[in-house]
Every structure is written in structure tokens, then in C-alpha cells.
Protein chains: 2
Amino acid sequence: MRVKEGTKEKDILEAAIKVFAQHSYHGAKMSKIAEIANVSIGTLYLYYVNKEDLLVKVFENLWKKLYVEIESLAMREDLGVTEKLDYLIDLFFDIFSNNPDLATVFVNEQHHVMRNAEVDVMYYHDFMAKAELIILEGIKDKKINPNLNVKVLRFFILGGIKLLLDIWAKEPKLVPLSAIRINVKTVIKKGILN
Amino acid sequence: MRVKEGTKEKDILEAAIKVFAQHSYHGAKMSKIAEIANVSIGTLYLYYVNKEDLLVKVFENLWKKLYVEIESLAMREDLGVTEKLDYLIDLFFDIFSNNPDLATVFVNEQHHVMRNAEVDVMYYHDFMAKAELIILEGIKDKKINPNLNVKVLRFFILGGIKLLLDIWAKEPKLVPLSAIRINVKTVIKKGILN
DNA sequence: GTTATATTTGAATAATGATTCATAAATTTT
DNA sequence: AAAATTTATGAATCATTATTCAAATATAAC
């Protein structure tokens, strides 16, 4: 039996990320994605049911990766809350550090996915729940200011990181990601830790 | 001479904000905006050159208002940096507090405007410049940690506030804006002030 | 109340681009 | 090497909506 050439599915998704990043979801043409992926338009539809599906798959992969990482992080008993927060921030910077296009899509298209897709935002919610747990643990251990609202905190941090990733992805040379990372850690630790 | 009925231009823009918020820019139909504004489709084009123009006008109004406010804030010599930061945060929360739809549009469509519009993002840049000045003033006065990068800081804070506004606008009852505001102030002040 | 002018209407137009599917090409089986 | 099966192609289809503009309506001027 003939076997589909191994890399087409991946090629298409990578092309989609590139085109979504450059033109945003609605400006992205399926013909352009096909061109970048070096396949015909019809082939896109052999691997993905439609344009929306392409975007959804990008987010599914991403949140799943993030969730797997945070899960093993949350479990580690050798780390204190301070270290866990540290690694949590690293998680985001690491996953995007060699893929600015992915960062752009992540920042600018999530609201589209959340609005329209019926599908798996499961990992997203699971990730958020774990993040909350880490913060709650910190409050219980009296390491984090207990007057801070956990939900507010997690969204504030995520929002700050997202916008910084977006700025960085547009012009990676302007401010190096390493500088951003250090500043973020400083503000967060001084801001929320006792 | 017949005079255009006074409120149509405003009615249309308010309807646009509502529809952009609910369906996002690309999902927003001109026919729906016309319906909400109680005018015909043709009338939209008497007051605005096209759909994009509607979105651009929303942002022009908004950033202009914000700029005017921050300008007079920056000038005040009776306030220290701590108070200025305080009022700066209030600025955002006040302007959106009775208009969640505007908050949604602000958060989710800015990247579309920045990407496509040739027009006045002038006030946006001016606003940012003023915000930077306030932070720099704080560093000079030894009130703000001088190791923090000014650009990183301003984007982090803006990003955090934006995501919180978005969450709040989706479900205003979930976390009251007043709680969000207090938490944000706490984190920022403890995080960046000496 | 008739004419002139400004404003409003919404059906018709026109452009765009996602998706389909009949056909072709590649690979495997016999 | 012919048949069978799977994978790939891209021109043609189809649906969607922003935008236009000839006609209608409202107001003002006389």
C-alpha cells in the first residue's frame, strides 16, 4: 500500500503558521499556504478539514505541549514556589524563542479560536487550572501575598507575557528575549511574593 | 437647508462597537451595524468611507482621549511617581468601566488596525512616549528599580491590563473591575517601585 | 405649493477566496 | 506489466458580503 509522504502534514501546518503570522487569520489565503508548503490547494484538504481546522490544530499542539510541561512542573516536590514560578515563565519563553511566527499566531488569533471553535480548548483550561494551583500553593506556603486574587494574577501575568512576545516577534532585534525574560521575572517576583 | 439629523454619526459608531465586540471585525456585517444603528446600509457610507474606517475611528477616538488624559497627568507637578502610576492605571479602568464592548474591541482588534491602517496611530505612539517619560522620571527620582527596561515594563503592564479587561468584558460579573484594579496596582507598585 | 437641494434608501453589483471533485499521477499488488 | 488502490492536482464552483448608485424622500427656500 502506498504511504503518504511523511512530512506533508507537518509542512502544511508550518506553512499555515507562517502565513497566519504574516497576514493574520482572515488575510491568510489557502492558496498562499499551499504555495509555501509546496503542495497543491487540494492537498490541504486531504490533511485538514478546512482553514479553521488549521488554526485549531496550531493551538491544540501548543496548549498540549504547555500543559504537559506545567503538569510535570507542578508535581515536582523538590522545587519551592519561587522556583516553580521561575520555570513557569521560562516555559513560555522557551517554547516561542525559536519561533516568532508561532508567538504572533498565539497572541493574535487565540480569541478567534476561543470564539469559534467547538473543539479542544481542553488543554488550555487544564493549563490554567494547574497555574492556579501553583499560585494557591504559594499562598498556602505564605510565599505569595494572600490578598491577591488568583484569577486576576494569572491573567495579568499571561497578558503581560503575551504582549511582550508579540512585540518581540515583530522585531526580534529590538529587545532581546533574554532581557524581556529577566525583567518579567523581576517584576513578578517582587510584585507578588512576600 | 436641510440638516443631517444630529446623532446618526454617533449612533453608527456605537453600533459598530457593539457588533465588532460581538462578532469581531471580520464577522461583523455592515448590514448588522446598520440594523443596530437604525439606519440603512447606504447611510453607513455617508458617514464613514468603509468598514475599516469605522474600526479606525473607534481607535482614533480612544487613543486621543487617552493621550489627552496622560498628557495632563504627566504635566502635574504636585504628584509623585507613585501617584502618577496610580492614576495611569485608573485611566484605563475608568475609560472602559461602563463600556465592556469598547474594551473587547480595544483588546482584540488593535492588531488589525496597526497592521492595515495607514492612518493615525499617532496618538497611540504619543501616549506610549508619555508613559515612558513617567517611568523614566520615576527612575531618575530613584523611585523605580533602574534595572528594569522601560519598554519592557510599559508593554508588560499594558498587556496585563488588556487581558484582564478582555476577561472582565466577557463576563463582567465574574470578577468585579474594582478588584482587578486593586490587584493590578498592588502587583505593579510592589513589583517595580523601590 | 412648487422648486431646489440635501439626505436616505436598499436592491443590484462585483470581487474575493474557500472548498469541491473529476482527473491525473504515483505506488503497490498480482 | 497490467490492474488496483492510494494520493495529489488545480480549474471550476459557490457562497458570502462590502460597496455602489439610481431612485425616493425629507426639508428648506421662494
Side-chain angles (χ1 to χ4, degrees), chain A residues 1-59 105 108-109 112-113 115-119, chain B residues 1-60 105 108-109 111-113 115-119:
Chain A
M1 202 224 305
R2 190 185 170 194
V3 174
K4 285 183 187 174
E5 197 213 308
T7 70
K8 279 208 175 88
E9 187 170 353
K10 196 158 161 274
D11 290 351
I12 291 169
L13 206 64
E14 278 168 8
I17 290 169
K18 210 171 285 182
V19 179
F20 287 155
Q22 188 162 28
H23 303 279
S24 95
Y25 180 72
H26 279 97
K29 295 176 198 160
M30 293 299 266
S31 56
K32 187 75 185 174
I33 295 173
E35 185 197 321
I36 303 274
N38 262 304
V39 299
S40 71
I41 291 176
T43 300
L44 300 181
Y45 291 89
L46 294 175
Y47 292 88
Y48 299 92
V49 313
N50 55 25
K51 189 177 168 182
E52 177 103 19
D53 185 41
L54 274 167
L55 187 65
V56 166
K57 289 294 191 316
V58 172
F59 278 89
V105 175
N108 292 313
E109 310 301 342
H112 181 92
V113 175
R115 187 187 295 274
N116 300 325
E118 293 302 312
V119 284
Chain B
M1 199 223 310
R2 190 183 169 195
V3 175
K4 284 183 187 174
E5 196 211 308
T7 69
K8 280 207 175 90
E9 187 170 352
K10 196 158 161 273
D11 290 351
I12 291 169
L13 206 64
E14 278 168 9
I17 290 168
K18 210 171 285 183
V19 180
F20 287 155
Q22 188 162 28
H23 303 280
S24 96
Y25 180 73
H26 279 97
K29 294 175 199 158
M30 293 299 266
S31 56
K32 187 75 185 173
I33 294 173
E35 184 197 321
I36 304 274
N38 262 304
V39 298
S40 71
I41 291 176
T43 300
L44 300 181
Y45 290 89
L46 295 175
Y47 292 88
Y48 299 93
V49 312
N50 54 27
K51 188 176 168 182
E52 177 103 18
D53 185 40
L54 274 167
L55 187 64
V56 166
K57 289 294 192 313
V58 172
F59 278 90
E60 273 183 15
V105 175
N108 292 314
E109 311 301 343
H111 73 114
H112 181 92
V113 175
R115 188 187 295 274
N116 300 324
E118 294 302 313
V119 284

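Sequence lines set the chain letters: A, B, ... in the order given, protein chains first and strands last, and positions in each chain run from 1. Because only heavy atoms are used, hydrogens play no part in the values below, and waters and symmetry mates are left out as well, while side chains stay in.
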S.K.: Rounding to an integer number of Å, can you tell me how far B/His26 NE2 sits from C/dT16 C1'?
M.R.: 12 Å
S.K.: Using distance only, find each side-chain donor-acceptor pair of residues 37-45 of chain B under 3.5 Å and give its atom names and separation, not counting sequence neighbours.
M.R.:
unit_1	atom_1	unit_2	atom_2	d
B/Ser40	OG	B/Thr43	N	3.4
B/Ser40	OG	B/Thr43	OG1	3.1

S.K.: Starting from P on D/dT17, measure out to OH on B/Tyr25 and report it in whole angstrom.
M.R.: 14 Å
S.K.: Please determine if a side-chain N or O atom of B/Tyr47 lies less than 4.0 Å away from the OP1 or OP2 oxygen of C/dT7.
M.R.: no
S.K.: List in chain and number order the residues that pass ring pair (Phe, Tyr, Trp, His ring centres under 6.0 Å) with A/Tyr48, two or more places apart in sequence or in another chain; answer none if no residue qualifies.
M.R.: none
S.K.: So, using side-chain contact (heavy atoms from CB on, under 4.5 Å) as the criterion, who are the partners of A/His23 when residues are at least two apart?
M.R.: A/Val19
S.K.: Show me the protein contacts with nucleotides 11-16 of chain D, counting only N or O atoms at under 3.5 Å.
M.R.:
none

S.K.: Check whether any side-chain N or O of B/Lys8 sits under 4.0 Å from OP1 or OP2 of C/dT7, and answer yes or no.
M.R.: no
S.K.: Rounded to whole angstrom units, what separation is found between the CG atom of B/Asp53 and the C1' atom of D/dA18?
M.R.: 14 Å
S.K.: Just compare D/dT9, C/dT8, D/dT19 and give me whichever is closest to any side-chain atom of B/Tyr45.
M.R.: D/dT19
S.K.: Within a radius of less than 6.0 Å around NZ of A/Lys57, do more than 12 heavy atoms belonging to other residues, nucleotides or ligands occur?
M.R.: yes
S.K.: Given C/dT8, D/dT19, C/dA18, identify the nucleotide with an atom nearest to the side chain of A/Met30.
M.R.: C/dA18
S.K.: From C-beta outward on B/Lys51, which listed nucleotide comes closest to its side chain: C/dT20, D/dA18, D/dA8?
M.R.: D/dA18
S.K.: Taking only N and O in the side chain of A/Thr43, is any of them less than 4.0 Å away from OP1 or OP2 of D/dT9?
M.R.: yes
S.K.: Send over the distance from A/Leu55 CG to C/dA18 C1', rounded to a whole Å.
M.R.: 15 Å
S.K.: Report the distance from atom CD of B/Glu52 to atom P of D/dT17, rounded to the nearest whole Å.
M.R.: 18 Å
S.K.: For B/His111, enumerate each residue passing the ring pair (Phe, Tyr, Trp, His ring centres under 6.0 Å) test, keeping only those at least two apart in sequence or located in another chain.
M.R.: none
S.K.: Any cation-pi pair here, B/Lys51 with B/Tyr25, using under 6.0 Å and within 45°?
M.R.: yes
S.K.: Can you tell me the distance, in whole Å, between the NE2 atom of B/His23 and the P atom of D/dT17?
M.R.: 11 Å
S.K.: Taking CG from A/Leu44 and C1' from C/dA18, how many angstroms apart are they, rounded to a whole number?
M.R.: 11 Å
S.K.: How close or far is atom C1' of C/dT7 from atom CD1 of B/Ile12, stated in whole angstroms?
M.R.: 12 Å
S.K.: Is there any salt bridge (charged side-chain N to carboxylate O under 4.0 Å, His left out) pair reaching into residues 30-48 of chain B, and which pairs are they, with sequence neighbours excluded?
M.R.: B/Lys32-B/Glu35
S.K.: So if I take every side-chain heavy atom of A/Leu46 and compare against D/dT19, C/dA18, D/dT9, which nucleotide ends up nearest?
M.R.: D/dT9
